[in-house]
Each structure stands twice: as C-alpha cells, then as structure tokens.
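Below, read A as the first sequence line, B as the second, and so on, with proteins coming before strands; counting in each chain starts at 1.
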Amino acid sequence: MRELTLVEAVNDALHVELERDGSVLVLGEDVGRAGGVFRATAGLLDRFGPDRCVDTPLAEAGILGTAVGLCMAGWRPVCEMQYDAFSYPCLDQLITHVGRYRWRTGGGMDFPITIRMPYGGGVRAPELHDDSPETYYVHTPGVKVAIPATPADAKGLLAAAVRDPDPVVVLEPKLVYRTARGEVPEGEYVVQLGQARLAREGSDLTLVAYGAMVGVAERAADVLEASVEVLDLRTLKPLDEEALLASAAKTGRVVLVQEAPRTCGYAAELAAVLAEKAILDLRGPVLRVTGYDVPYPYWAIEDAYMPSVARVVDAARRLLAFA
Amino acid sequence: MAQVLSGGLRRVIGDGEGVPDGRVDGLDDADLLDLYRSLVLLRTYDERSVVYHRQGRIGTYAIFWNHEAMQVGSAHALADEDWIFPSYRESAIGLLRGIPASTLLSWWRGHPAGWWNPADYNVASICVPIATHVPHAAGLAWGKRLRGESAVAITYFGDGATSEGAFHEGANFAAVMRAPLILFCNNNGWAISTPLAAQTRAETLADKAVGYGMPGVRVDGGDVLAVFEATREAVERARAGEGPTFVEAVSYRAAPHATADDPRAYIDLARVEEEKRRECVGRYEGYLRRLGLLSDEEREEIRSGAAALMREGIARAEAEPAPDPSILFEHALASPPPSFAQDLAELRRILGRTEAGGAASPRPSGPEGAGPEGSV
C-alpha cells in the first residue's frame, strides 16, 4: 500500500492496465507530451510510446468515434475528455453508436471503450469547467457509469472499466483530485462495477452520495447529532440497489446528495427506486440536496450553488424532525 | 486509363459516338463481367425492394437506383480483408461480400434477423445518422495500421454529409493519423430536397480534401470503370502507408430519396428523365456490348439469377419468426445488470408467455406501422 492522491491513483491504474494488456491504448487531447491537463496520463507516452498514448486533434466526437473503429480493429481504447462540459460533442457518438453498436451486431462485437473525464465544480475555474454531466451518460442505454470518491476506488473502478466488455464512463471528481489522499493497493487492483461502499455506518439516517459529494456528506455526518450512515454509490449504472434498499430499511430516512441540477438528476432516479421498493421502510419523505436548475454559475458565486455541508445538515434535520 | 473531362471528372466508358471507350489495366474479360454481375445484383435488389415496400413487405426504404456504379466500382477495388462502412444509401453493398439478401431485407423489415457481425464480412453496420460512421472508419483504418496489418477501409457518404461535423472530424483524424482510408462521397446533388448549392460554397467537394492535406479526386459516378480505377489508386496509396484519399463521385439522384419521399416538389423532372436515359447499368451494358463481351443470353442469365436471389431472400426474410421479447435485453450489454432479467420476467408475465411457452406473437411482425414518413 502507498498513499496517493486521487489523480495519482488514476495515473497508476492507467500504467498498470497498459502494462497488463497490450491492446489498451489511451487517446485524448494533451494526454501525451503534456501528460494531460491534470497530469492523469503523465509518464504514459515515455513508457508505452506514441501509438498507445495518443495526442489527438481537438475533436471530442472524433475521439469517441474513432474509438468505435479502434474496437473493431481489436483495441481497447481509453478516451480522455479534457473536462466535463467539453465532453458534450462526444454525446452524439455515445448516443447514436457507442451505446447501440453491440445490440446492432446481435452481440457479435463488443465495444470495450472507457471514457474518463474530470467533472464537477468548486474549483474556481472558468465557465464550462465545472459541470456534473452524469445524468446524460447514465440515461444512455448500453453504457455503464462509475464515479469514485477515494483514491483506491479511482484506481479500482478505472481498472474495472478498462477490463469491462462494455462501454464505461468514469467521472473523476476534480475537486478532490489532489485533496483526497488515501492508501491505494499496488499493482493490479479492481473494484467491481455495481457495488456501493458503506463509507460510514449509522442507524438514524442515510446520506447517499457519489464523487465529491461523499466528502460533503461525511462532513455533514460529523455535524449531525444523529447516527448517520453514508453510502458512497461508486457505480451509478448499474446501481447497487441492494445496498441502497438495505440502508433505507435500516435507517428509514434517506437524503440524496448530488451536485448536478435537480430536475431528472440521478437523485430523482434513486428517489424513484426508493418509492417503488422501500415505501414501507421509509419514515419520512426522501429529500434531495442538489445543484439548482440554473446554469452552473461563474465561480465568484459557485459556493452558493454547490450542495454544502450546511444544506445537507439542514435537510437531514428536517427529515429527522419529520418522524 | 481514365481520361479527365471538363470539370476534372475521370471517365473510362465512352458514349458509343464521339467519346471513345477506354480500358482499365489489370481487368480481364472475366473481371469485366464480374462488375456487370454486381451491378445487376444491386440494381435488382433496389428495384425489387421498392416493389416489396409498395407491397407492404418491407418498411421505408432508401432507394439507391443509379448509384450502383459508385458502389460496385469502389467495392471491387478492395481486397477481402478491407473494411466497408456503409451509410443507408449503401444498405445492400454487403451483398458483394456475401451477406444474404434475406439479412438485408430483414433489416428493412425492422427485424433483428437483419443483424450481422461486422467481423464476419468486414462490413460495418448500416449507419443511419449522417456521417457519424466516418470517424468509425477512420478509427478502424488507424487501428489496423497500428497493428501492422495491411487492411484498409472505405466509408461511403453523400454530398450532404460533408456539411456534418462528424465528416470533418473523421476526415481530419484519418489524415493526422495517416489512416489507410478512402472517403468515398457519392455526390448525387441532393440531400433529400436540399441541392448541393445550398450545402456548400466550395467549387467541388473534392476541394475539401486540400484542407485535410489529402488528395481529392473527382470521378464520373455513373462510370463503374472510372470509379474502380480511381478507388484502386486510393487503395494502393492507403496500403502503401500514404494515408487517406477523398474520392468525389459525381452522379445525380434520379429517384426519390426514399420510398417516403416525393421529389416532384423540388427536383428538375427534365433532368431526371435525362439521367434515367444514361443510367449507370445501361451505360456499362453498352460498353460490354461494344467490346462483344455480353450476349443476350448472358444478360438474361445474370438478370434472372439476381431475380431468383431476391425471391429467395424475401421469402426467407418473411419466414423469420417474430422476434422473442428476450432479444430486447440479450445483446445490449455483454454483462447485463440484474434489472434486465427482472424486466423480461415481468414482460413475459404480462404477455402471458413463459420461458418454455412460445405462444403467438404479441403483435404482427410485418412493417405495418413503420416509422414516420421520411424518417430514413
């Protein structure tokens, strides 16, 4: 075990997976010579050469579109989208092809594409460097989505994505790229997709979060007077429904935390699952703490937009007071 | 060798009058007849498909009448290892690689029997959204080169596709990665009702190649031999590691865009009649006859063979049983989530079916109620 930051763990996973499997290649903007704008791909070019760590033209749809063809030629491409909101041009390829191609071939061909990108706000960056686009990806059939909150999970989930036979999107919380530090197993390390992590056990109330919001939930749990459970989903699709329902059954009170805008956000899906399958376990309404239904703001006021510890605590207290 | 006409169009087939016939090096008499067989096969497929649509036996169908020379000439310039990325306008090009007619007709019947594994034929799935397959072809070609393999790829798209971002990103990627790719544009002058003049201010579409740093050639799209020769040169360049080529084949859409389209509202009908008189299969037939390579008997034999293949194809497609609901879930993911099994179980319960059951189909399997008019 070594202590790494989250972005170092991403880098470690890429080194291990490229070493393990000669058909894995990394492509994206500035991933080679520069090692990525966050240095997530640093060292790959020197180690594996320009054919397996490829600086591409500035073309997100082209990156993902050529990845489809690379799969057909026997490669396992790992595409970096430089920022959350810069990934939108690739949604055309994702929706029209990446999520459909396997079905279209009657299961004849797999498309083991990994799309990874830094996401989320709170980093004092210019417009469109702060989005939480997970819903767009989760909503696309034929695609899996993972979001780590810890360095170990950042490594293990990325490795799982690279090895998965299906397209997987991994959103990396850039807010904690360098502040989340933790022990990370050396060498090959895989965290299976579809398994949530109980970040903290409790009996009165469950805070459900993913990515950078796990830390917010944990700090809220520190403040609250009750016994609070924090569930880190780790994979949004497929959802670990069992873990969600087990925690809801245990505490009977659930607050969902998400950085993305509220309407049709991932928390809405979680609330629907709870309404369908946990209604008799719940002691009160399922509450959401989310970003607002407004464009992500300029950074001088982004703290007002981001779900904060205070907002999570307020929601939890309201729910505890309800019943 | 091809001669270059005014407007930079390469042409081999003469007009039987003032313009003399040329020959293409390396094509013997048997090769010339093979080209004819393929042309007749695609023409028969297309004409029968329009009839099948009118009979309600297939859904909305994208017509490719008078595009056969572009498809046959270019596909014959490829080796079996080379990959084809068709748009819906080339929906039947897989026939030239051995995909059964029943498979392609099933695709137009909206039936999963229209699936094929691209790796079995080196033919990608039919691309419905415009130009989005161009990056796929660039990626495959690049990926083959990275693996040290000699295969090249060709991707087909229309004049309208050159306005799409995906065309640009695919072409640029191919050039930058020196991908062994042929970007084959069938410029038939129309994107449904939008004429080329409303699509671009470029003098020719081949001019766009300059911006990508690749050669662009223009060829008479109604001349199967000129298309063959131009594509063969592009394939040779690609295989030699010299990167992609843009081929603009100039043609004219003398038929509706698709069975749901009525072009009388926008097209020049006199021009259509003129194009029909010089359609590509007839032009090549004249060429073969002037060379004494095609007898009436051979012509009839080839045509009746193609017609028989279509009769058998539609019969097989229509004999496909209604798809089982399980197919909804079976191939979407290699490792499906537990929810798929739950959803299927619930669907079966509601449909009154069981795993062992196999009762009647929940609804007719025909193309009735096919998508909205003009959807393809």
Part of [X] lying under 4.5 Å from any heavy atom of chain B:
X        : answer
A/Leu239 : neither
A/Val54  : side chain
A/Phe111 : neither
A/Leu193 : neither

With respect to chain B, which residue among [options] yields the maximal number of heavy-atom pairs within a distance under 4.5 Å?
options                              : answer
A/Thr105, A/Asp164, A/Asp92, A/Asp51 : A/Thr105
A/Leu25, A/Leu27, A/Ile63, A/Leu58   : A/Ile63
A/Gly65, A/Gly108, A/Pro165          : A/Gly65
A/Val143, A/Leu64, A/Thr96, A/Thr56  : A/Thr56

Residues A/Gly32 and A/Asp55: closest non-hydrogen pair is N-OD1, 2.7 Å
Selection from B/Pro337, B/Pro118, B/Cys127, B/Pro336 maximising heavy-atom pairs under 4.5 Å formed with chain A:
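Greatest number of close heavy-atom pairs with chain A: B/Pro118.
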Select one option (side chain, backbone, both, neither) describing which atoms of B/Ala137 are under 4.5 Å from chain A's heavy atoms.
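No part of it gets close to chain A.
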Where on B/Ala151 is there a heavy atom nearer than 4.5 Å to chain A: the side chain, the backbone, both, or neither?
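For B/Ala151, no heavy atom lies under 4.5 Å from chain A.
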Taking the six-membered ring for Trp, is the centroid-to-centroid distance between B/Phe184 and B/Phe246 below 6.0 Å?
no
